[in-house]
Amino acid sequence: MSEAKRPSAGKTAVVTAAVTGSAVTAESPGGVLKKSLWKRIQQHRTLYLLFIPVLAYFLVFKYWPILLAWVVAFKELQLGSGVFESPWVGLQNFKDIFLSPDIPTVIRNTIEISVLRLVCGFLPPIILAIMFHDMATRRLKRWLQTLVYIPHFFSWVIVFGVVFGFFSVGSGFVNNMLASFGFDRHEFLLDSSWFRPILIGSALWKEIGWSTIIYLAALSTVDSQLYEAAVIDGAGPLKRMRHITLPSIMPVVTFVLCINLGFLLNAGGEQILLFYNDAVLDKADVIDTWVYREGLARLQFSLATAVGLFQSVIGLALVVICNYFAKKISGRGIW
Amino acid sequence: MYKSRSERTYQIVIHVLVILIVISAVFPLLYVLGMSLTGQVEMMKRNYFVIIPHEPTFAAYERILVSPLIWKSFGISVFRSAIGTGLMLLLTVVGAYVLSVRTLPGRNIMLFLVVATILFNAGLIPTYLVVKQLGLINSVWSLVLLYLVDSFGLLVIKIFIENLPDGLIEAGKIDGASEMQMLVRIVVPLAAPALAAIGLFSMVFHWNSWFDAMVYLNDANLFPMQLILKNMLTAASSDAMQALVINGSAITPESMKMATVIVGTLPILMVYPFLQKYFVKGVYMGAVKG
């Protein structure tokens with residue numbers, strides 16, 4: 001996806017595994033093998049051949065765009081003329097961005113929506129995971145888990161459809177309820193003060209179940225004898241939660257928190273693009289949606305590229321910093 | 001073990017809370033389903049307060065499913081999910097295998113090239129420009145080629161291969177198996193569970209994507225299903241006020257939209273019960289090892 005995405009529980013879990021696992025920085029076996037470098041390269045030539053398509057993919061679809069980003073952001077790209085014929089304009093695009101009236105709002109919206117998502121979306125999955133973990137029923141628990149994971153597999157289009165079914169004026173569930181209790185119907189979807197609650201609520205609906213998995217995975221490694229011993233010692237359910245369950249998921253909790261902070265500038269553009277409309281733009285426009293509109297609808301390639309580059313650079317810095325703290329506090333980072 | 005009163009109260013409380021959460025996860029879908037089956041007449045008669053329709057009508061579905069665009073888009077979605085995932089798995093397992101060979105000169109540089117792209121992306125516009133330069137605008141192949149290697153997946157599978165018992169790879173080498181034979185006969189079968197998990201996630205990703213299609217495709221005949229559904233859902237409701245009469249029964253535009261949502265969820269709901277445990281296993285596999 002060309003648009004950076006927030007890490008879902010699944011993905012973060014996978015990254016952690018992938019990168020904290022063994023060998024990203026495996027020591028080179030230099031001293032061990034006495035063969036000459038050239039001989040070792042020759043010996044592995046099939047492997048290099050196999051790697052060519054993979055390398056080609058990364059060069060063409062990852063590194064070429066990154067190079068273009070750094071070029072186009074400092075050029076005035078005109079329609080019709082190629083990237084390399086267009087004139088250099090130095091920092092003009094960046095000046096234009098920060099002088100433009102909408103960018104401060106867009107950046108503020110992005111950060112506000114990200115922070116709101118984090119504040120409202122962070123604790124519920126943890127609480128749900130702890131409850132799942134503590135449920136003594138086996139089969140019922142599995143059924144409930146199966147059901148609560150379902151919305152995760154729906155696209156944002158579907159989620160938007162469900163939200164429409166709930167909040168539309170004509171026959172949305174909420175409006176029908178209001179009407180049947182004698183209240184007026186309300187245009188929730190065109191009311192900018194309802195935009196963020198609906199956005200964040202529906203994202204929580206989609207992900208609350210699935211986000212429990214990373215915590216449940218951490219809890220599955222806790223020795224059940226700890227709980228048995230605690231029961232024998234007379235610890236009640238709340239005491240066990242405080243002294244066993246919470247400490248066991250704390251590293252994962254800090255990890256998820258730090259990593260989410262790293263994605264502060266990605267407020268979930270794909271979802272907002274579906275949910276927003278002109279009536280709520282002042283509360284809804286974020287970097288991703290701005291880049292899409294200005295770049296592809298109004299063909300302001302250079303400006304949009306510059307904003308995208310700004311987002312990527314700050315994003316990278318944030319991720320690196322947050323990863324540092326994640327590692328420091330929880331002993332576990334993305335790398 | 002859980003016998004005392006406080007234990008029982010606690011169990012009751014968490015069961016009630018969890019069941020409430022699960023109901024709120026499932027109820028919206030049931031409501032959407034109910035609405036999609038409700039005709040205009042019943043809606044008026046019951047003052048728009050319908051959860052379970054008494055006289056269900058499939059008129060909305062009939063209207064949607066006669067549209068050739070829906071079926072075409074279904075085909076496109078199947079194409080990108082199947083071909084996109086197939087090619088991605090092929091390249092990803094090859095890349096993972098190559099990078100799992102510790103003695104490979106230059107391995108760390110190659111690995112860095114892969115990992116760095118997870119942390120820094122070029123952004124929407126430069127990627128669009130590249131797709132344009134390659135002449136892939138308005139080609140469904142853009143939706144396949146853009147995701148040809150999954151960097152996360154590659155790292156997971158690489159670790160999976162590295163964690164295989166050393167003896168297996170060594171034995172292959174001693175038997176004189178070529179690199180290709182090792183990959184096909186030893187690595188792929190053993191890494192199958194990890195590959196299956198990554199493949200499933202990729203299929204869901206492809207099936208649910210619509211934004212990329214909106215960016216890279218112009219021709220509605222090439223749109224995947226989610227984008228067609230999106231256009232149906234967000235279509236300006238100029239006809240919103242008047243009901244449509246289909247086969248003698250009038251349905252509201254809202255019912256049409258709700259039927260659209262159900263059509264979009266059905267494929268996922270049909271495979272979900274069978275694949276659910278593999279998805280969860282996939283995430284566990286990642287999370288526990290880390």
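First the proteins, then the strands, lettered A, B, ... as listed; each starts at 1.
Residue A/Leu274 holds its CG atom at 7.5 Å from OG1 of B/Thr234, rounded to the nearest 0.5 Å. Summarising the geometry, atom CG belonging to A/Asn176 is positioned 6.5 Å from atom CE belonging to B/Met35; distances are rounded to the nearest 0.5 Å. Atom CD1 of A/Ile158 is separated from atom CG of B/Asn208 by 8.0 Å, given to the nearest 0.5 angstrom. With rounding to the nearest 0.5 angstrom, the CG atom of B/Leu227 is 10.5 Å from the OG atom of A/Ser155. Interatomic distance, CD of A/Glu270 versus CE of B/Met214, reported as 9.0 Å (0.5 Å rounding). Atom CD1 of B/Ile19 and atom CG of A/Leu140 lie 5.5 Å apart (nearest 0.5 Å).
Heavy-atom distances place both the backbone and the side chain of A/Phe154 under 4.5 Å from chain B. Using a 4.5 Å cut-off between heavy atoms, B/Tyr31 contacts chain A through its side chain alone, with no backbone atom that close. Residue contact with chain A, scored on non-hydrogen atoms closer than 4.5 Å, is absent for B/Leu90. Proximity to chain B is limited to the side chain of A/Pro151, based on heavy atoms less than 4.5 angstrom apart. With a 4.5 Å cut-off on non-hydrogen atoms, B/Ile198 does not touch chain A at all. With a threshold of 4.5 angstrom between heavy atoms, B/Val130 approaches chain A through its backbone and through its side chain. For a residue to count as touching a neighbouring chain, one of its non-hydrogen atoms must lie under 4.5 Å from one of that chain's; by this rule B/Ile157 does not touch chain A. Residue A/Ser180 touches chain B through its side chain alone, counting heavy-atom pairs closer than 4.5 Å. For B/Leu99, the part lying near chain A is the side chain, with the backbone staying farther off; criterion is any non-hydrogen pair under 4.5 Å.
The shortest side-chain heavy-atom distance between B/Gln226 and A/Trp156 does not fall under the 4.5 Å cut-off. Looking at B/Ile125 and A/Val72, their side chains never come closer than 4.5 Å, going by heavy atoms from C-beta outward. Side-chain contact check for B/Val94 versus A/Phe51: every heavy-atom pair is 4.5 Å or farther apart. Side-chain contact between B/Tyr272 and A/Tyr149: present, with at least one pair of heavy atoms (C-beta onward) separated by less than 4.5 Å. Counting heavy atoms from C-beta outward, A/His44 and B/Thr103 have side chains that approach closer than 4.5 Å. Residues A/Phe160 and B/Val261 form no side-chain contact, since every pair of their non-hydrogen atoms from C-beta on lies 4.5 Å or further apart. Using a 4.5 Å heavy-atom cutoff, the side chains of A/Leu77 and B/Leu129 are in contact. A heavy-atom distance below 4.5 Å is found between the side chains of B/Ser151 and A/Phe58.
Counting heavy-atom pairs under 4.5 Å between each of A/Ser168, A/Gly308, A/Ala69 and chain B puts A/Ala69 at the top. Between chain A and the options B/Thr9, B/Leu29, B/Val26, heavy-atom pairs under 4.5 Å are most frequent for B/Leu29. With respect to chain B, the highest number of heavy-atom pairs below 4.5 Å among A/Leu68, A/Val252, A/Val163 belongs to A/Leu68. Per-residue counts of heavy-atom pairs under 4.5 Å with chain A were compared for B/Ile268, B/Val204, B/Leu229, B/Leu113; the largest is that of B/Leu113. Interface summary for chain A: among B/Thr92, B/Leu145, B/Val101, the most heavy-atom pairs under 4.5 angstrom belong to B/Leu145. If you tally non-hydrogen atom pairs under 4.5 Å between each of A/Leu144, A/Leu147, A/Val307 and chain B, the highest count goes to A/Leu144. Between chain A and the residues B/Lys277, B/Met258, B/Met232, B/Met180, the most heavy-atom pairs under 4.5 angstrom are made by B/Met258. Contacts with chain A were tallied for B/Val32, B/Val13, B/Leu148, B/Val131; B/Leu148 has the most, counting heavy-atom pairs under 4.5 Å. When each of B/Val149, B/Val22, B/Thr265 is checked for heavy-atom pairs under 4.5 Å with chain A, B/Val149 comes out on top. Chain B forms the most heavy-atom pairs under 4.5 Å with one residue out of A/Pro237, A/Gly295, A/Gly172, and that residue is A/Pro237. The most heavy-atom pairs under 4.5 Å with chain B, out of A/Val291, A/Val157, A/Val313, come from A/Val157. Heavy-atom pairs under 4.5 Å with chain B peak, among A/Leu67, A/Val83, A/Val71, A/Val162, at A/Val162.
For B/Tyr10 (side chain) and A/Leu238 (main-chain N/O), no donor-acceptor pair under 3.5 Å exists by modelled atom type. Judged by distance alone, the side chain of A/Trp205 and the main-chain N or O of B/Ser24 form a donor-acceptor pair under 3.5 Å. Judged by distance alone, the side chain of A/Gln311 and the main-chain N or O of B/Gly123 form no donor-acceptor pair under 3.5 Å. Panel note: side chain B/Tyr97, backbone A/Leu50; no donor-acceptor pair is recorded below 3.5 Å.
Taking each heavy atom of A/Thr137 and B/His15 in turn, the nearest pair found is OG1-NE2, 2.6 Å. The nearest pair of heavy atoms linking A/Gly161 to B/Leu233 is CA-CD1, 3.8 Å. Contact detail for A/Leu316 and B/Phe120: the closest heavy-atom pair is CD2-CD1, 3.8 Å. Summarising the geometry of B/Leu91 relative to A/Val54, their closest heavy-atom pair is O-CG2, 3.5 Å, with the distance given to 0.1 Å. For the residue pair A/Arg40 and B/Pro105, the shortest heavy atom distance occurs at CB-CG, 3.8 Å.
Exactly one residue among B/Asn121, B/Ile118, B/Thr117 makes a side-chain contact (heavy atoms from CB on, under 4.5 Å) with A/Lys62. That residue is B/Thr117.
Dense packing is recorded around CZ of B/Phe27, with more than 12 heavy atoms of other residues, nucleotides or ligands lying under 6.0 Å away. The environment of CD1 in B/Ile109 is sparse: at most 12 heavy-atom neighbours from other residues, nucleotides or ligands sit within 6.0 Å.
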- request: With side chain to side chain contact (heavy atoms under 4.5 Å, CB included) as the test, would you mind laying out the steps for B/Ile51 and A/Phe173 before giving the verdict?
  value: CA-CA 9 Å; B/Ile51 289 172; A/Phe173 177 74; 3.9 Å; yes

- request: Applying side chain to side chain contact (heavy atoms under 4.5 Å, CB included), run through B/Leu124 and A/Leu296 and close with a yes or a no.
  value: CA-CA 9 Å; B/Leu124 177 64; A/Leu296 292 179; 4.0 Å; yes

field: Check against side chain to side chain contact (heavy atoms under 4.5 Å, CB included), B/Trp207 and A/Phe153
entry: CA-CA 10 Å; B/Trp207 186 263; A/Phe153 293 96; over 6 Å; no

task: Mind running side chain to side chain contact (heavy atoms under 4.5 Å, CB included) on A/Phe61 and B/Leu134 for me, showing each step along the way?
output: CA-CA 10 Å; A/Phe61 287 103; B/Leu134 293 170; 3.8 Å; yes

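Close placement of the A/Tyr292 and B/Phe211 rings is indicated, their centers lying within 6.0 Å of each other.
With A/Phe164 as the aromatic partner, B/Lys257 meets the cation-pi criteria of under 6.0 angstrom to the ring centre and within 45 degrees of the ring axis.
Ionic pairing of B/Glu179 and A/Arg45 is not present here: no N-O contact between side-chain nitrogen and carboxylate oxygen is shorter than 4.0 angstrom.
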